[in-house]
Amino acid sequence: MAHIAFIGLGVMGGPMAGHLAKAGHRLTVFNRSIGKAKSWAEAYGGEVAITPAKAAEEADIVISCVGNDDDLSQITLGREGAFRTMRPGSLFIDHTTVSARIARQLFVEGESLGLHCVDAPVSGGQAGAENGRLSIMCGATEPAFAAAQIVMQAYAARIIHVGGAGAGQTTKMVNQICIAGVLQGVSEALRFAQAADLDLDKVFEAISGGAAQSWQMENRWKTMAQDRFDFGFAVDWMRKDLGLALEEARANGATLPMTALVDQFYADVQAMGGNRQDTSSLVRRITRA
């Protein structure tokens with residue numbers, strides 16, 4: 001069992017840290033909102049630190065799950081960041097979805113300090129975190145991945161080493177590009193079926209077992225038809241992720257016309273007040289016939 005510092009106890013980080021505590025690891029936690037950290041400690045045990053640096057002082061492993069590049073930079077490289085106190089030889093795992101640029105930067109900074117860094121964004125949403133069934137895509141050296149994999153098994157159903165530093169983040173971008181396209185297709189198909197006055201349950205039964213099947217169709221077709229969009233991963237976060245993909249594409253020369261278009265469609269949903277609705281709310285911008 002390891003001494004783990006967990007930084008960021010939001011809808012994803014809180015359950016993930018909980019699985020580590022239930023697995024028997026000793027945890028010290030930090031959250032920007034100290035009240036949330038204290039509530040987590042009351043539920044799971046462990047200690048609460050007042051800064052990331054304090055959380056990391058005696059930890060064998062530091063795990064983060066925060067909001068964006070700036071948050072990640074602050075909790076690692078900032079004046080009170082974890083890299084200030086992490087011991088040489090210790091392991092840093094980041095589950096935030098961020099740019100590949102900062103993932104590579106942290107790898108270089110960590111290497112200079114003798115730290116082993118893994119960029120490990122996740123897929124599976126809040127339900128996946130709560131149920132310990134996340135899919136994790138990792139960028140790291142082989143030794144760092146091997147060490148991280150043992151710990152991440154507490155909250156993951158699938159853990160894949162996809163390449164070196166930054167490869168986890170670019171793979172997450174691939175994931176989000178796929179989701180954006182599928183959701184646009186499902187949205188258009190649903191509205192088409194409604195315009196044709198088809199029985200939506202029968203349509204779903206007919207097509208969900210064939211080539212059109214997808215996770216989004218299986219899990220969101222019926223709720224999209226019911227105008228229910230409260231399933232966790234918000235439009236605001238999807239736009240952040242698609243922005244990262246578009247930025248990386250500008251750097252590597254890839255062309256993403258569909259992604260750019262769907263990103264603008266999500267901007268329409270934001271303008272309709274759907275910022276905190278989940279990504280399936282994309283269907284809202286297609287007017288019913």
Side-chain angles (χ1 to χ4, degrees), residues 4-23 25 27-41 43-44 46 48-49 52 55 61-76 82 92-99 102-103 106 118-139 148-149 151-160 168-169 171-173 175-176 179 215-216 219-220 229-245 275-280:
I4 298 173
F6 204 104
I7 301 170
L9 300 171
V11 295
M12 300 294 289
M16 293 158 71
H19 287 297
L20 292 169
K22 291 175 183 177
H25 296 289
L27 266 75
T28 301
V29 298
F30 169 82
N31 195 76
R32 188 162 48 189
S33 168
I34 191 70
K36 186 173 289 187
K38 289 180 178 178
S39 296
W40 185 94
Y44 296 101
V48 175
I61 303 167
V62 176
I63 302 176
S64 60
C65 188
V66 290
N68 54 39
D69 283 31
D70 290 342
D71 295 333
L72 180 58
S73 180
Q74 184 177 6
I75 63 100
T76 53
F92 175 69
I93 305 168
D94 176 48
H95 290 307
T96 316
T97 296
V98 289
S99 68
I102 194 169
L106 291 180
V118 182
D119 56 284
V122 302
S123 181
Q126 184 176 348
E130 292 173 349
N131 297 324
R133 302 291 297 171
L134 292 168
S135 293
I136 307 180
M137 48 220 85
C138 301
Q149 185 177 25
V151 178
M152 295 186 296
Q153 287 173 346
Y155 44 79
R158 176 178 296 188
I159 307 169
I160 305 296
Q169 294 299 341
T171 301
K172 179 61 182 287
M173 295 171 198
N175 187 79
Q176 303 304 76
I179 290 172
W215 187 97
Q216 300 295 337
N219 290 274
R220 297 291 179 261
F229 308 114
D230 54 351
F231 299 100
F233 191 72
V235 168
D236 283 349
W237 292 110
M238 185 59 154
R239 286 215 71 204
K240 182 204 80 169
D241 291 359
L242 295 182
L244 293 171
N275 303 65
R276 304 307 301 171
Q277 292 181 327
D278 79 84
T279 50
S280 66

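What you see is a predicted model, and the numbers here were worked out from it, not measured in a lab. Here, residue 1 is the first one in the sequence, and each next residue gets the next number.
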Report summary line: Nearest heavy-atom approach of A129 to V11 is CB-O, 4.4 Å
Requested in this report: List the atom of F92, the atom of T76, and the distance in Å for their closest heavy-atom pair.
Outcome: CZ-CG2, 3.5 Å
Query raised in the report: Are I4 and H25 close enough that some pair of their side-chain heavy atoms sits under 4.5 Å apart?
Result: yes
Query - Pair V48-W40, side chain to side chain contact (heavy atoms under 4.5 Å, CB included): steps then yes or no - result: CA-CA 9 Å; V48 175; W40 185 94; over 6 Å; no
Query raised in the report: Taking L106 as the fixed residue, which of V118, D119, L72 is the one that meets the side-chain contact (heavy atoms from CB on, under 4.5 Å) rule?
Result: L72
Query - Side-chain heavy atoms of V122 within contact of M12, under 4.5 Å - result: yes
Query raised in the report: To the nearest 0.5 Å, what is the distance between OG1 (T279) and CZ (F229)?
Result: 10.5 Å
Report task. List the atom of F30, the atom of A55, and the distance in Å for their closest heavy-atom pair. Result -> CB-CB, 4.3 Å
Query - Closest non-hydrogen atom pair between M16 and F6, with its separation - result: CB-CZ, 4.0 Å
Query raised in the report: Minimum heavy-atom separation for T97 to P121, with atom names?
Result: OG1-CB, 4.0 Å
Requested in this report: Hey, could you give me the CE/CG distance between M152 and L20, rounded to the nearest 0.5 Å?
Outcome: 10.5 Å
Query raised in the report: Sequence neighbours excluded, which residues qualify as side-chain hydrogen bond (donor to acceptor under 3.5 Å, both in side chains) partners of S73?
Result: none
Query raised in the report: Would you call R220 and D278 a side-chain contact if the rule is heavy atoms closer than 4.5 Å?
Result: yes
Query raised in the report: Going by atom types alone, do Y44 and H19 pair a side-chain donor with an acceptor below 3.5 Å?
Result: no
Report task. Dump the intermediate steps for side chain to side chain contact (heavy atoms under 4.5 Å, CB included) on F231 and Q277, then the final yes or no. Result -> CA-CA 8 Å; F231 299 100; Q277 292 181 327; over 6 Å; no
If you look only at distance, which donor and acceptor atoms sit under 3.5 Å apart when one is on a side chain in residues 61-71 and the other is two or more places apart or in another chain?
unit_1	atom_1	unit_2	atom_2	d
S64	OG	D94	OD1	2.6
N68	OD1	D70	N	3.1
N68	OD1	D71	N	2.9
D69	OD1	S99	N	3.0
D69	OD2	S99	OG	2.5
D69	OD2	R101	NH2	3.1
D71	OD1	R32	NH1	3.4
D71	OD2	G67	N	3.4
D71	OD2	N68	N	3.3

Query raised in the report: Are any non-hydrogen side-chain atoms of I159 and C138 less than 4.5 angstrom apart?
Result: yes
**Report entry** Student check: side-chain heavy atoms of I93 and H95 closer than 4.5 Å
**Finding:** yes
Query raised in the report: Considering only heavy atoms from C-beta outward, does the side chain of F233 approach that of D241 to under 4.5 Å?
Result: yes
Query raised in the report: Do L244 and Q176 have side chains that get closer than 4.5 Å, going by heavy atoms?
Result: no
Query raised in the report: Can you check side chain to side chain contact (heavy atoms under 4.5 Å, CB included) on R276 and V235, steps first, answer last?
Result: CA-CA 6 Å; R276 304 307 301 171; V235 168; over 6 Å; no
**Report entry** Closest non-hydrogen atom pair, T96 against Q169
**Finding:** O-NE2, 2.8 Å
Query - Sequence neighbours excluded, every pair satisfying side-chain hydrogen bond (donor to acceptor under 3.5 Å, both in side chains) that has a member inside residues 128-139 - result: Q126-E130
Query raised in the report: Taking the side chain from K36 and the backbone from G10, do they hold a donor-acceptor pair closer than 3.5 Å?
Result: no
**Report entry** Verdict with reasoning, N31 to S33, per side-chain hydrogen bond (donor to acceptor under 3.5 Å, both in side chains)
**Finding:** CA-CA 5 Å; N31 195 76; S33 168; 4.5 Å; no
